[in-house]
2 protein chains.
Amino acid sequence: MDPIVYVVDDDQAMVESLSWIIESVGLKVKTYTRAHEFLDTYDPAQHGCLLLDVRMPGMSGPELQAKLNAQASTILPIIFISGHGDVPLAVRVMKAGAVDFLTKPFNDQVLLESINKALRIDKQNREKQQENAQAEAKFAALSPREVQVLQGIVAGKQNKVISAELKISLKTVEAHRASVMKKMGVKSVPELVKLVLTNGVAAHELPSEE
Amino acid sequence: MDPIVYVVDDDQAMVESLSWIIESVGLKVKTYTRAHEFLDTYDPAQHGCLLLDVRMPGMSGPELQAKLNAQASTILPIIFISGHGDVPLAVRVMKAGAVDFLTKPFNDQVLLESINKALRIDKQNREKQQENAQAEAKFAALSPREVQVLQGIVAGKQNKVISAELKISLKTVEAHRASVMKKMGVKSVPELVKLVLTNGVAAHELPSEE
DNA sequence: AAAAAAATTAGGGTTAGTACTAACAAAAAA
DNA sequence: TTTTTTGTTAGTACTAACCCTAATTTTTTT
């Protein structure tokens, strides 16, 4: 699916102007004049980026940003658009993760470059997120015991050490180990370690490293 | 060594005011009234953070930031201080990695919190950098052949596969492998993989993963 | 030229891990 | 209640890796 550039601005003329510029380079646009309107219909699965006005009746741009940030599933890059120079506000939204903060009037080229950057970031985020999700799905399919054995393997412990710690026989550990390798879809320990390490798999579940 | 809060501002009264606030919480301060003055005497090994005025005679704050960013060794977190609200400038320096951008007049507490955050970031950066440096030092001690074998191990290849690829005997690979483990200071393959992966060791040297 | 480091190979013994099959009990799900 | 999953253990054969010593050649450094 093509990425969508969402435009949220209460100024109808501005929305149309932005749409025209964005569509002129072949990008898809969806426009909204109210923040909650966007929030209610937004599908996090759709990739793209968000052009967001700061000052709007009802929910403001920064408020919408805060709500989106609160949703763990959302990683939509945001470009703010502002008519008035409010430095503290600009700094705050940038610290909150905005990709850019443009003040009117701005050059079309500047806007388009910022959008391209936002779309690149979104693409990267989603690729990484998908990798993580796949790894997490595999991990979730492991039984509790298999998880314990996985932790031992990644920690570099030998099977006999794991068996002693879990108070089970070496043979049982070997069986779980084989099962872990199969379920995680890897053929070597280094692959397994990489999968766990680079995909934040069970970061909360793998405590002691000693 | 204690961290040092560097203050670079051409306004002598401002420098004194800032020093007083910072010293009141027990932090060390070094002040400069010219950017190049700081740049000439700054020791990247010293940890701390930088309070930097935007507008100054000679080199401006953002110019100094650019020069520091250009030095790979520098990771000093920067807090900008500005008397005039220039949104595009604030956004630019924030995108360039500044920790904060404060506009006068600002609350003492806000300043101190920002400084604390900057110092925390600096501490984290330096710890990570030191880890990386240690890993890189170990890696640098490996002979070319040992590096090739290391790549094979981390890629999950068996010794016989490595020996075939490098057209050397299995025994030779075993010898190099033992040497690699010893020089890298690890006792298991998972530890080795973690060391290489989380410390960017030879990211430019480990190409094919296939 | 002499010394040191790196790369190569080998043998022998030990330990660790894999592959495959098989079995049984307990717990969870259908 | 029957089926499935999970956890447990065992045997056997095979493969891979580790530890140790030792030797030769090549390259690099002094």
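Just so we're clear, the structure is a prediction, and the values are computed from it rather than from any experiment. Proteins come first, then strands; the chains are lettered A, B, ... in the order of their sequence lines, and each starts at number 1.
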Whole angstrom is fine here: how far is it from NZ in B/Lys157 over to P in D/dA17? 13 Å
Relative to the 5' end of DNA chain D, which residue comes earlier, A/Leu142 or B/Lys160, by the nucleotide with the nearest heavy atom? A/Leu142
Considering residues at least two apart in sequence or located in another chain, which fulfil the side-chain hydrogen bond (donor to acceptor under 3.5 Å, both in side chains) criterion with B/Lys95? A/Asp100
On the nucleotide D/dT9, are OP1 or OP2 found under 4.0 Å from the side-chain N or O atoms that A/Ser169 carries? yes
Any residue meeting salt bridge (Lys or Arg N to Asp or Glu O under 4.0 Å) with B/Glu127, in chain and number order, not counting sequence neighbours: B/Lys123
Please give, in whole Å, the distance from C/dT9 P to B/Ile168 CD1? 6 Å
Taking the nucleotide of DNA chain C with the closest heavy atom to each, which residue, B/Val173 or B/Ala141, is nearer the 5' end? B/Ala141
Quick test of your reading: applying side chain to side chain donor-acceptor pair (under 3.5 Å), list the pairs with at least one residue in residues 47-59 of chain B, sequence neighbours left out, ordered by first then second residue. B/Arg55-B/His84
Nucleotide N/O of nucleotides 18-25 of chain C paired with protein N/O under 3.5 Å:
{"from": "C/dT18", "atom 1": "OP2", "to": "A/Arg177", "atom 2": "NE", "distance (Å)": "3.1"}

Rounded to whole Å, please give me the gap between CD1 in B/Ile162 and P in C/dT8. 13 Å
Please determine if a side-chain N or O atom of A/His176 lies less than 4.0 Å away from the OP1 or OP2 oxygen of D/dT6. no
N/O donor-acceptor pairs under 3.5 Å from side chains in residues 23-39 of chain A, not counting sequence neighbours:
{"from": "A/Ser24", "atom 1": "OG", "to": "A/Ile21", "atom 2": "O", "distance (Å)": "2.5"}

Might you point out which heavy atoms bring A/Val99 and A/Ser114 nearest each other, and give the distance in Å? CG1-O, 4.5 Å
In this structure, how many angstroms lie between the P atom of C/dT9 and the CG atom of B/Leu166, rounded? 10 Å
Here's a test for you: under side-chain contact (heavy atoms from CB on, under 4.5 Å), which of A/Val7, A/Leu64, A/Val5 qualifies with A/Leu50? A/Leu64
In whole angstrom, what separates A/Leu170's CG from C/dG17's P? 8 Å
Side-chain N or O of A/Thr172 closer than 4.0 Å to phosphate OP1/OP2 of D/dT8: no
B/Gln158, nearest nucleotide to its side chain (from D/dA17, C/dT8, D/dT8): D/dA17
Filter on side chain to side chain donor-acceptor pair (under 3.5 Å), then keep only pairs touching residues 173-187 of chain A, sequence neighbours left out; what's left? A/Glu146-A/Ser179, A/Glu146-A/Lys183, A/Asn159-A/Arg177, A/Lys171-A/Glu174
Against the side chain of A/Lys183, the closest entry in D/dT9, C/dA6, D/dT6 is D/dT6
